[in-house]
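Worksheet for the structure shown next.
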Amino acid sequence: MRTFILRRLIYAIPTLIGVSIITFAIVRLSPGDPIRLYTFGARDITNEDIEALRRVYGLDKAMPLQYIDWLSRVVRLDFGQSFIYHKDAGSLILEILPNTLQLAVVSLVLQILIGVPLGVVAALKRGSWVDGLVRVFGVAGHAIPAFWLGLVLIIVFAVQLRLLPSQGMLTVGRDQWDLFDRLKHMLLPAFVLSLTGIANYSRILRTETLDVLGQDFVRTAHAKGLRERTVVFVHALRNALIPVVTALGGILAALVGGALVVETVFSWPGIGRFTFAAAIAKDYPIIQAGTMIASVLLVVSYLLRDIAYAVVDPRIKVR
Amino acid sequence: MAVFAASVLVATACGQGGPSASQEPAASASAAASEKPQDGGRVIEATISDIATMQPILVNDTASGRVTGLLYDVLIQVDAKTGEPKPNLATFSVSQDGLTYTFEINAKANWSDGKPVIAQDYLTGVQAVGKSAKTVRKSSYQDVQGFNDYKDGKAQTIEGIKIDSSNPKKFTVTMAKVSCPALLDIANTYRILPTHVFGKYLTATSKPEDIDNAPENTNPQVVDGPFTFSEWRKGDQVILKKNPNYWNGAPHLDEYVYKVVANTAAVTAGLKTGEITFGTIAARDLADMQTVDSVKITKYPSLGYTFIGWDTQSNVAGVALADKRVRQALAYGLDMDAVIKAVVFNEAVAHVAHHVAVQWAYPQDTSALNPYKFDKAKAQSLLTEAGWVKGADGILAKDGKKFTLTISTNSGNTERETLAQVAADQYKQLGIDAKAAPEAFQGLVTKLTSGDKTLDATIIGWSLGSEPDPYQIWHSSQIPDPAKNVTGFGFTYFKDPAMDKAIEEGRNPSNGDCSLAARRKNYDTFNKVLNEQQPYNFGYVPNVLAVSSKTLQNFNPAPFSTVYNVQDWWIKK
């Protein structure tokens with residue numbers, strides 16, 4: 001197991017270097033000059049001033065040299081100074097990241113807690129109205145645009161009913177550790193963020209459970225006279241969960257990356273909005289740091305998935 | 001201060017022009033007379049962009065300007081309604097030759113830790129700008145005697161700044177030449193900095209990083225404004241507490257929270273639910289907001305305008321646009337009233353020159369300006385006069401060349417995209433093959449300022465500042481020239497000797513007269529040339545729609561400042 005993890009981590013290095021080169025090239029080759037954007041507010045700024053700023057931010061060198069500069073600092077975990085915030089880009093990302101992670105984790109939990117039972121129930125009550133409802137939801141969950149649903153929920157629950165807040169992570173003036181207040185703020189965005197996942201899981205679980213229920217070993221289990229509940233939960237469900245684990249791989253990274261729309265609709269101060277704003281302002285160090293940290297998250301979540309595989313499916317051995 | 005107004009995009013621009021956090025006794029006296037203000041409470045202002053810094057010398061965006069302006073007070077402020085300079089933290093006078101400014105800081109002015117605000121603190125602020133590598137406004141002090149030597153490391157002191165030996169609150173600043181924007185440049189652009197905090201970063205051996213990366217830049221504990229700093233939760237909010245020792249009278253409010261939201265939709269939702277105390281909304285949300293009982297809506301003209309800039313040397317439409325008659329035809333041929341209705345729901349006023357009506361530099365005799373009332377026949381006759389005749393396909397042509405016109409604007413800004421579309425539609429009716437082309441803001445800006453001649457027409461906006469000097473936008477020296485590596489905002493390539501002279505005289509008068517009356521004369525000439533020549537279709541001046549909770553009292557935002565009377569604000573319980 002240890003060699004497996006180690007080997008996977010070593011394999012990740014060329015992937016991360018590849019990602020970094022591609023991001024580096026894209027952000028620099030896209031039109032627009034960060035120093036020009038940054039010096040907008042400046043009255044009577046001279047070309048010499050602009051060139052001096054370019055030197056301060058290391059943008060006067062050739063692109064490959066800039067990349068080597070960047071890489072040599074990144075291996076020491078120095079992502080460079082943000083053009084806008086004049087602070088280390090890595091630490092800025094790490095400061096904001098927990099905001100999105102908490103949303104992503106709650107949303108992941110919601111997906112599994114709601115999606116899995118829905119799928120199993122639909123399979124067990126195949127053909128019933130419950131099944132029909134779950135199947136309609138499986139399609140609708142994919143089809144409803146998150147921004148639209150978010151706005152509707154805000155209008156209904158925040159503006160009309162005044163039950164939940166319309167935006168943000170905490171009521172202004174509340175303590176950071178007021179968990180109830182935070183949960184109230186999290187409810188709507190986490191639900192919207194989890195909707196696609198719930199639809200996904202309910203669909204996968206329904207198909208898989210139906211599939212597994214028809215297999216020989218389940219029939220054997222029934223024949224042995226085991227109780228229905230034991231058959232479903234011990235024998236069938238464990239097998240049906242394998243594809244769920246597959247889908248879990250990368251989901252954390254996808255949630256973190258895909259939170260931009262939800263963060264925007266609910267004004268959640270997360271990493272999606274933060275890096276999006278940085279991309280608009282062409283704040284290279286933050287874009288680079290954001291992409292690298294997201295890539296690391298992706299690699300780690302794939303690794304966790306493979307480990308989880310081994311736990312759920314005894315046929316799979318990690319080597 | 002002239003700056004690109006940058007739609008809803010973060011950190012792409014918007015001027016500082018520093019909101020001045022200071023008092024205007026006359027305005028507040030009458031309102032406060034009827035009811036006794038209650039102390040306490042909290043104001044939550046909605047903002048679309050987070051702040052970037054709280055170091056005044058590094059401020060380069062509206063959000064940071066707002067918060068820094070509440071923390072650090074300004075020496076000279078401008079009147080919130082007229083933009084005329086007036087004393088604030090200091091009184092001022094100018095010598096006969098216009099070269100020396102004398103300032104005296106208010107005797108009551110103290111830093112929040114109790115130490116007096118002194119002239120040395122002014123010097124510290126200027127030295128910080130000189131030392132910093134990341135500030136973008138060294139040019140503010142370029143005409144101060146000895147500043148450039150200090151900046152280049154050739155001198156350890158700034159010759160032109162002298163502290164009175166008998167009064168530590170009094171000092172003089174001597175300029176190398178007469179410059180009318182100097183007063184606001186040297187006493188309004190930046191704040192003064194506490195020497196006992198920042199002095200250690202500005203010694204003879206200090207490096208630029210010392211001041212640029214000082215921890216106090218994001219955690220300022222010693223300030224002289226109406227509020228003190230409490231906490232910055234990045235991407236979310238900045239929390240300020242009242243400064244009980246503020247020299248100009250402690251605020252009634254306990255707390256000022258600057259809350260970051262994602263967009264104007266969140267501002268309107270937050271205003272309805274009461275999660276936000278005040279913010280500005282988009283014109284399209286006005287009708288909706290008018291149905292909400294709990295809020296007050298304040299309208300005032302913005303300090304800026306949205307325009308279509310003609311590139312008179314564009315590779316495509318340049319031939320046509322170089323002709324004054326064509327540009328005038330494009331002014332007559334666009335029904336600006338209809339445009340304003342379609343684009344900003346009537347919340348704007350048509351504009352025909354550079355300075356906006358609320359600025360003192362705006363011509364007092366507006367009859368001198370041609371209003372270019374919509375007149376399609378006149379537009380057509382001007383085009384014919386210029387040699388553009390309709391061909392068989394209905395498109396204007398001259399010397400076998402068709403009149404095609406691409407109107408670019410920054411994508412994502414729905415207001416400007418609509419404007420581009422409406423303008424293109426109307427110009428089509430004149431026989432011009434016009435189309436709208438949205439494009440990313442970043443790319444647009446680089447093209448405009450670097451002398452790329454691929455854009456025919458561009459819709460963007462200017463946010464103007466307290467200082468009306470239009471040099472940076474309209475002087476011929478600001479026309480980009482890639483061959484000479486000159487960049488600038490003169491992207492129309494239009495120049496006029498009379499206009500250049502008026503701009504120069506308004507900035508550095510040969511007779512040394514910087515009085516508003518003398519400068520106004522020059523700006524009258526300047527605006528008249530622009531009005532006649534139409535290098536821009538000057539578009540419109542949009543209204544700012546400020547919406548506040550009815551519980552917030554004495555909130556009277558004006559074009560030059562929203563928070564000028566913040567210490568008089570109070571919350572009615």
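Side chains included, hydrogens not; waters and symmetry mates left out as well; all remaining heavy atoms used. Protein chains get the first letters and strands the later ones, always in sequence-line order, with residue 1 at the start of each. Only a predicted model underlies this, so the values are computations on that prediction, with no experimental measurement involved.
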Can you tell which of [options] has the highest number of heavy-atom pairs within less than 4.5 Å of chain A?
| options | result |
| --- | --- |
| B/Gly235, B/Ala52, B/Gly488 | B/Ala52 |
| B/Val260, B/Asn263, B/Thr273, B/Thr135 | B/Thr273 |
| B/Asp236, B/Thr487, B/Leu58, B/Asp212 | B/Thr487 |

In terms of heavy-atom proximity below 4.5 Å to chain A, should [X] be classed as side chain, backbone, both, or neither?
| X | value |
| --- | --- |
| B/Thr218 | side chain |
| B/Ile239 | neither |
| B/Asn213 | side chain |
| B/Val257 | side chain |
| B/Lys259 | side chain |
| B/Ala269 | both |

So A/Trp70 and A/Phe24, would you call those rings parallel, tilted or perpendicular, with 30° and 60° as cut-offs? tilted
Side chains of [Y] and [X]: any donor to acceptor distance under 3.5 Å?
| X | Y | value |
| --- | --- | --- |
| B/Thr446 | A/Asp33 | no |
| A/Thr100 | A/Glu263 | yes |
| B/Asn217 | B/Thr53 | no |
| A/Arg28 | A/Gln66 | yes |
| B/Glu504 | B/Tyr471 | no |
| B/Tyr258 | B/Gln237 | no |
| A/Tyr284 | A/Ser82 | no |
| B/Thr277 | B/Glu45 | no |
| B/Ser450 | B/Asp452 | no |

Proximity breakdown for [X] and chain B, heavy-atom pairs closer than 4.5 Å:
| X | value |
| --- | --- |
| A/Val56 | side chain |
| A/Glu95 | side chain |
| A/Tyr57 | side chain |
| A/Leu92 | side chain |

Name the member of A/Lys282, A/His86, A/Lys87, A/Met169 that forms the most heavy-atom pairs with chain B at distances under 4.5 Å. A/His86
Using a 4.5 angstrom heavy-atom cutoff, name the option from A/Pro31, A/Gly168, A/Ser166 with the most pairs to chain B.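 Between A/Pro31, A/Gly168, A/Ser166, the count favours A/Ser166.
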